[in-house]
Amino acid sequence: MKNKVVIDATNAIGKRPDPYPTSFHALVDRTAAKVVKAFNSTGYEIMANPDFRGAAADMFVAGDDTEAKAIATQLAQDAGFDEVFDFGGNEQVVLLEQLALSWINLAIRQGYGRGIAFKILKR
């Protein structure tokens, strides 16, 4: 996998890949791939169509590899997402997974449904 880009769209829910905090960290440690975390903070329905009546959902990327981030960013934009926010390096991957858990809480546990997504509003 040397020099290949791997986009980790998973979330460690329940069981983690021991001794790693996330699958992302296992991929970084066990492969020579350029690993980026993306597409993990919303459901597949939103990935298929991120448009909400003319306003598109945002996406987030995290990881240390700038090439992998650029590829994931372009892929998100090509898929119709609006802004793609750089969440930080490898040290922020756990935080990005926690954002995904927040989406899961809202969508599933709180009953808002899978048709929700995050949008960052700026002034």
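We're numbering straight along the sequence, starting at 1.
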Participant: Would you indicate whether the side-chain heavy atoms of Val28 and Tyr20 approach each other to under 4.5 Å?
Facilitator: no
Participant: Do Val94 and Phe85 belong to the same hydrophobic cluster, where Ile, Leu, Val, Met, Phe, Trp and Tyr are linked whenever their side-chain heavy atoms lie under 4.5 Å apart, directly or via other members?
Facilitator: no
Participant: With the side chain counted from C-beta on, respond yes when Val84 and Val61 share a heavy-atom pair under 4.5 Å apart, and no when they do not.
Facilitator: yes
Participant: Say you draw a straight line from CG of Leu99 to CZ of Phe60; how long is it, rounded to the nearest 0.5 Å?
Facilitator: 5.5 Å
Participant: Taking Met47 as the starting point, is it possible to reach Ile71 by hopping between hydrophobic residues whose side chains are less than 4.5 Å apart?
Facilitator: yes
Participant: Is there a donor-acceptor pair closer than 3.5 Å between any side-chain N or O of Lys4 and the backbone N or O of Lys34?
Facilitator: no
Participant: Can you check whether Ile13's main-chain N or O pairs, donor with acceptor, with Asn11's side chain at less than 3.5 Å?
Facilitator: no
Participant: Looking at Arg16 and Ala12, would you say the former's side chain and the latter's main chain have a donor-acceptor pair under 3.5 Å?
Facilitator: yes
Participant: Does the pair Leu106 and Ile116 meet the rule for a side-chain contact (heavy atoms from CB on, under 4.5 Å), with working shown?
Facilitator: CA-CA 8 Å; Leu106 289 168; Ile116 64 170; 3.7 Å; yes
Participant: For Val36 and Ala62, work out which heavy atoms get closest and say how close.
Facilitator: CG2-O, 3.4 Å
Participant: Any chance OH of Tyr112 has more than 12 other-residue heavy atoms, nucleotides or ligands included, within less than 6.0 Å?
Facilitator: no
Participant: Under 4.5 Å between side-chain heavy atoms, hopping through other hydrophobics if needed: is there a path connecting Leu101 to Ile108?
Facilitator: yes
Participant: Is Lys119 paired with Glu83 through a side-chain N to carboxylate O contact shorter than 4.0 Å?
Facilitator: no
Participant: Could you please spell out the steps behind the side-chain contact (heavy atoms from CB on, under 4.5 Å) verdict for Phe39 and Tyr44?
Facilitator: CA-CA 9 Å; Phe39 300 103; Tyr44 67 88; over 6 Å; no
Participant: Are Ile104 and Ile46 connected into the same hydrophobic cluster when the rule is that any two of I, L, V, M, F, W, Y join if their side-chain heavy atoms are below 4.5 Å apart?
Facilitator: no
Participant: Let me confirm one number: the CZ-CG distance from Phe24 to Asp29, rounded to the nearest 0.5 Å.
Facilitator: 11.5 Å
Participant: Can you sort out the partners of Glu45 under side-chain hydrogen bond (donor to acceptor under 3.5 Å, both in side chains), two or more places apart, ordered by chain and number?
Facilitator: Arg114
Participant: Measure the CG-OG1 distance between Asp86 and Thr73 for me, rounded to the nearest 0.5 Å.
Facilitator: 7.0 Å
Participant: Do Leu96 and Met59 sit in the same hydrophobic cluster, where Ile, Leu, Val, Met, Phe, Trp and Tyr count as joined when their side-chain heavy atoms come under 4.5 Å apart?
Facilitator: no
Participant: If you round to the nearest 0.5 Å, how far is OG1 of Thr22 from CD of Gln98?
Facilitator: 11.0 Å
Participant: Tell me which pairs pass side chain to side chain donor-acceptor pair (under 3.5 Å) where either residue lies in residues 87-96, with sequence neighbours left out.
Facilitator: Asp64-Asn90
Participant: Examine distances only and state if a side-chain atom of Trp103 and a backbone atom of Asn40 form a donor-acceptor pair shorter than 3.5 Å.
Facilitator: no
Participant: How many angstroms lie between atom NZ of Lys2 and atom OG1 of Thr31, to the nearest 0.5 angstrom?
Facilitator: 11.0 Å
Participant: Could you check whether any side-chain N or O of Asp58 sits under 3.5 Å from a backbone N or O of Ile120, counting only pairs where one atom can act as donor and the other as acceptor?
Facilitator: yes
Participant: If you measure from CD on Glu97 to OG on Ser23, what distance do you get to the nearest 0.5 Å?
Facilitator: 7.0 Å
Participant: Apply the side chain to side chain contact (heavy atoms under 4.5 Å, CB included) test between Lys37 and each candidate in Leu95, Ile7, Val93, Val6; give the one that qualifies.
Facilitator: Val93
